[in-house]
Structure formats: structure tokens, C-alpha cells
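Okay, structure first, notes after.
All ligand and atom numbering here is 1-based and tracks the order in the structure. Each residue takes its place number in the sequence, starting with 1.
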Amino acid sequence: SPTGAADPTESTSEATGGESTPAEGGGGTIAFVQGVQGDEFYITMECGILSEAEKLGYTVETQGPTKFDPTLQQPIIDSVVASSPDALLVAPTDVTAMQRPLERAAESGIKVVLVDTTVEDPSFAVTGIASDNIGGGAAAFDAIKELKPEGGKVLVISTDPGVSTLDARVKGFEEAVAEDSAFEYVGVQYSHNDPATAANLVSAALQKDPDIVGIFAANLFAAEGSATGIRQAGATDVAVIGFDAGPNQVEALKAGTVQALVAQQPFEIGVMGVQAADKALKGEEKQEDIQTDFTIITMDNLEGEGGEAVYKSS
Ligand code: T6T
């Protein structure tokens, strides 16, 4: 659940493990602040962070807000600053609201690495590591086009404006639709990262425009809700393209409620985040931003290598 009701508010993982001696140059602490608790994307990222932290000898403390909401994330950042970790890996929940809190973290001497999302002016950060989100949005449109070559109306379900990744995906999708006169864009609706809201938005949109042929659900919870909305509306012929490929998304693909997934690389983002923090702590305070790849997954390549389906960002 995106509210993560069953999850503890904080989890601490001793990545170095009991008695082991920290690797040379490591031995410090890294705070990881997720966009939201209980999100398989950030859980997978945490696995990458823990794995690399163990290799490099860091201890990791993971926390996340119960909702994808800057008013809940800001106090977590403030308490992280008070606890003075060596580095902070963070997925900011809003480009504007999280700017000052994260700047303050950097000003206090913490090496800040932005993972997944970013803020308006990330110049205080060591680096930002994120998917090619514009490319992912464009690829989602290509997937709809492949499934619905005759064209028609298309809808986007996002979470909230101001989330850098989601805004980029929507932009990439919108630009691609605008170039194809066979398709008509009926707009973007915001679900506040809540699957039930996404389901209601999709049902209402299908009532208004029963001839919608495709929906781009721009993150995990948007996809979960969109699939439900389509089922409730009995509109089984609508193509749904989801972003992210957690276990539930793969199940939805197999069940046929979602036709394609844009899979990011959250584990790798976590690994690279720790490597960037480590390099910053060893003196490389400014590093190039890193753009990670994504893969379009359909039933055709789900079981295979997916070789030709890997989109390399240019
Ligand atoms: O899609 C990911 C992430 O990239 C985005 O910034 C927020 O939503 C997810 O965490 C999926 O729920």
C-alpha cells in the first residue's frame, strides 16, 4: 500500500554486519530517505544500497514518509540533519518544497545524493541518479501505438504535479502523442499516488470518453489503480502501459490487466548512489549526473532476455 500503514516508520540496517571490520575508507553512515514507505521501487533501491554499503563498509539507516508528500518528508530530512550522517541518499517528493530542506542538509556538511527524483536547483547535491524519464514516457506512447495502431484517445494518470520523475514521463508522453495525428490526447489526471483515486479517475474518464484506447499509468500505484478502474468499467479492450515492474505489476501483466511495463533499474540506482556518496566522502564532491536505462516488458519478452527491448538513453 502506498500509505505503508503496516510498515515501521523507521528501519535501521547494519549493512556492515555485526563484527565485520569496515572496508578501508568506509565505516561511515548513510541515511536513505525514500519517496514513500512500502513502495517496491524504493524497497528494491534499498536492496542495492545495502548491498553496495556492505561492500564499501557503510552503515545504512532507511526512513520514508507514510505518503509521497513533502509535508511528511521534510521533518524526516530535518531529523536526519540533526543526526549528522556522512551522506544522505534521498528521493525528494516535490521539486519546490524539498529544495530548502535538502540545501540545509548539504550546508550542514552532509553529502547529498539525489536518487530517482530531483529538485528545482540541485546544484548543492553531489550528483543526481535517475532513469531517462522523458524517454520512458515516449516509449510508453510507442507501446500504446504498437497495441492500438489504428489510433484513438489516450489518457495519462500521474500522481501529483511537482514530482520531477512523473512530470518528465508525462512530458515525454505528451510530446510523442503530439507528433502522431492518429491519436488524441485527453489529458493528465492526478491520483495523489493513491490506487483507489486512480481507479476512480479512470472509471470517470471512461464514462466521459468510452472510446479511450490507451492509458499511460506513470508509476506503480497509478498502474495498479488504472487496472482496477478499467476492470470496474468493464473496458477490457483498453491498453494500459504501466511504469515500474514490481511483483504486483508483473502479475498484472500476466493476468492481462496491464499490457506493457516500463521497468526502471532501482537496484542499480541504489548501488550507484552509494558509490557516489563514497567518492564524495573521499573528496570528489561534484560528479556528473547519471541517467539509467529502462526496459519495456511485455508478455513477449517477460521470460526471455529482453535483449532488443532494452532502450539505451542517448
Ligand atoms: O516510479 C517510481 C519512482 O520512479 C517515482 O519517482 C515515484 O513512484 C515510484 O516510486 C513508483 O511508485
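Electrostatic pairing of Asp167 and Lys171 does not count as a salt bridge here, judged by no charged N lying under 4.0 Å from a carboxylate O. Note on Glu284 versus Lys111: no salt bridge recorded, every NZ/NE/NH1/NH2 to OD/OE distance being 4.0 Å or above. Between Glu107 and Arg104, no side-chain nitrogen of the basic residue sits less than 4.0 Å from a carboxylate oxygen of the acidic one, so the salt-bridge criterion is not met.
Atom 9 (C) of ligand 1 has Asp39 OD2, 3.5 Å as its closest protein atom, hydrogens excluded (heavy atom only). Counting only heavy atoms of the protein, atom 3 (C) of ligand 1 lies nearest to Asp116 OD2, 3.3 Å. The closest protein non-hydrogen atom to atom 1 (O) of ligand 1 is Asp244 OD2, 2.6 Å. The protein atom (non-hydrogen) at minimum distance from atom 8 (O) of ligand 1 is Asn219 ND2, 2.9 Å.
The distance criterion of under 3.5 Å between nitrogen or oxygen atoms is not met by Asn193 with respect to ligand 1. Considering backbone and side-chain N/O atoms, Arg169 comes within less than 3.5 Å of an N/O atom of ligand 1.
In this structure, a donor-acceptor pair under 3.5 Å is present between the side chains of Ser131 and Gln264. Using modelled atom types and a 3.5 Å distance limit, the side chains of Thr62 and Glu46 yield a donor-acceptor pair.
With a 4.0 Å heavy-atom cut-off, ligand 1 is reached by no atom of Gln249. The side chain of Gln264, and not its backbone, has at least one atom closer than 4.0 Å to an atom of ligand 1 (non-hydrogen atoms only; side chain from C-beta on). At a heavy-atom cutoff of 4.0 Å, ligand 1 is contacted by the side chain of Tyr42 but not by its backbone.
Other residues, nucleotides and ligands contribute at most 12 non-hydrogen atoms within 6.0 Å of the NZ atom of Lys208.
Taking 4.0 Å as the cut-off, Gln34 does not count as a neighbour of ligand 1 on heavy-atom distance.
Aromatic rings from Phe221 and Phe68 are positioned such that their centres are separated by 6.0 Å or more.
Distances below 4.0 Å separate heavy atoms of Leu220 from the following atoms of ligand 1: 11 (C), 12 (O). The contact set between ligand 1 and Thr165, taken as ligand atoms under 4.0 Å from a residue heavy atom, comprises 5 (C), 6 (O). Which parts of ligand 1 touch Phe221 is read off a 4.0 Å heavy-atom cut-off, strictly below it: atoms 12 (O). Near Thr117, with a cut-off below 4.0 Å to any heavy atom, the atoms of ligand 1 are 6 (O).
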TODO: Dump the intermediate steps for side chain to side chain contact (heavy atoms under 4.5 Å, CB included) on Val188 and Phe173, then the final yes or no.
DONE: CA-CA 10 Å; Val188 53; Phe173 186 89; over 6 Å; no

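Screening residues 252-263 for side-chain hydrogen bond (donor to acceptor under 3.5 Å, both in side chains) gives no qualifying pairs among residues at least two apart or on separate chains.
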